Amino acid sequence: MPTGEVITFSNVTKTFGAARAVSNLSFTVEPGRVTGFLGPNGSGKTTSLRMLLGLVTPDSGTATFNGVPYRDLPHPLSTVGAALEAASFHPGRTARNHLRVYAIATGLPRTRVMEVLTLVGLGEHATQRVGGYSLGMRQRLGLAYALLGNPGVLVLDEPINGLDPEGIKWIRGFLRHMAAEGRTVLVSSHLLSEVQQSVDDLVIIARGELVHLGPLSSLETNTAPQVVVDSPDREALASALTAAGITFAPGRSGLLAAATDPGHVGHIAFTAGVELSVLHRQKAGLEEAFLALVGGERSL
Ligand SMILES: Nc1ncnc2c1ncn2[C@@H]1O[C@H](COP(=O)(O)OP(=O)(O)OP(=O)(O)O)[C@@H](O)[C@H]1O
């Protein structure tokens, strides 16, 4: 069984010319869990992953696996499996042929090729030319390549891009399974909704900076709760709230009051003699919390 390793980014900074792509980024990624690495397009995710894999040199800081930078790993292929781009396979060659070349070059048994192709659901398409593959099939081939050395760490850049609903369902189960076996799984995405159902932890960046770190549930608790309140006499309700120092904004089903306790809002209305038609607590959705953190930039 492969053992997961702790990924540590420590004060990593990278600038391209005058543009700072990644700024003083620090976080850890734990084994046995799926971690979503989220941020809008251009927020620095790919640059960070490329630094982790030794493909880009940081200006300062380190990105390591159990304290060791990628270039110093004694057995990189059996430590880390990475899928950064889906389209870099030669269209004229078959999936099996592609992976055989890598397997031979790295001293892995040839039998591993069909094992990984089967694992990602490409067993029946192993002898098909990659040129005829859909984007989703190329994503799966990228995953198969990442799994060749049976690594303890998986680093996947936007693996859900291009998958159809069935493929999305499959990859969610796949990521969970990989983590359940003890692997460290780091998955980037620009859409929270895409990974929400498969991640345990979140690392969110915007403009190259860390803006949120913690379990998925922490994003929810990070969101300011609101009390939805309404009255047949909305004007009187508004006056009562203002008099009590509670700010509010009009919402779809009433006034959205900046308060945590519906009981408190109800009491204010009661003492002002205002009848209520609606009174409940509301939390903003995860997507709203995510958008608020990344500066409201809605990714395309
Ligand atoms: N080789 C490079 N030369 C110059 N600028 C670069 C280079 N690579 C990335 N950048 C810039 O760094 C910033 C971060 O880009 P990066 O690709 O890491 O973001 P991302 O979050 O992965 O976005 P996307 O999801 O669109 O790939 C962007 O402003 C990008 O234009």
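Both ligands and their constituent atoms are indexed starting at 1 by order of listing. What you are looking at is a predicted structure, and each value in this text was computed from that prediction instead of being measured.
- Annotation: Gln128, atom CD; neighbour count of heavy atoms from other residues, nucleotides and ligands within 6.0 Å is above 12.
- Remark: the backbone N or O of Val153 is not paired with any side-chain donor or acceptor of Arg183 at under 3.5 angstrom.
- Environment of NE2 in His267: sparse, with no more than 12 heavy atoms of neighbouring residues, nucleotides or ligands closer than 6.0 Å.
- Within 6.0 Å of CZ in Arg234 there are more than 12 heavy atoms belonging to other residues, nucleotides or ligands.
- Ring orientation note: the planes of Phe27 and Phe37 are tilted relative to one another, at an angle of 30° to 60°.
- A heavy-atom cutoff of 4.0 Å around ligand 1 is satisfied by the protein residues Phe16, Ala21, Pro40, Asn41, Gly42, Ser43, Gly44, Lys45, Thr46, Thr47, Glu158.
- The ring-ring contact (aromatic ring centres under 6.0 Å, His included) search around Phe270 returns none, not counting sequence neighbours.
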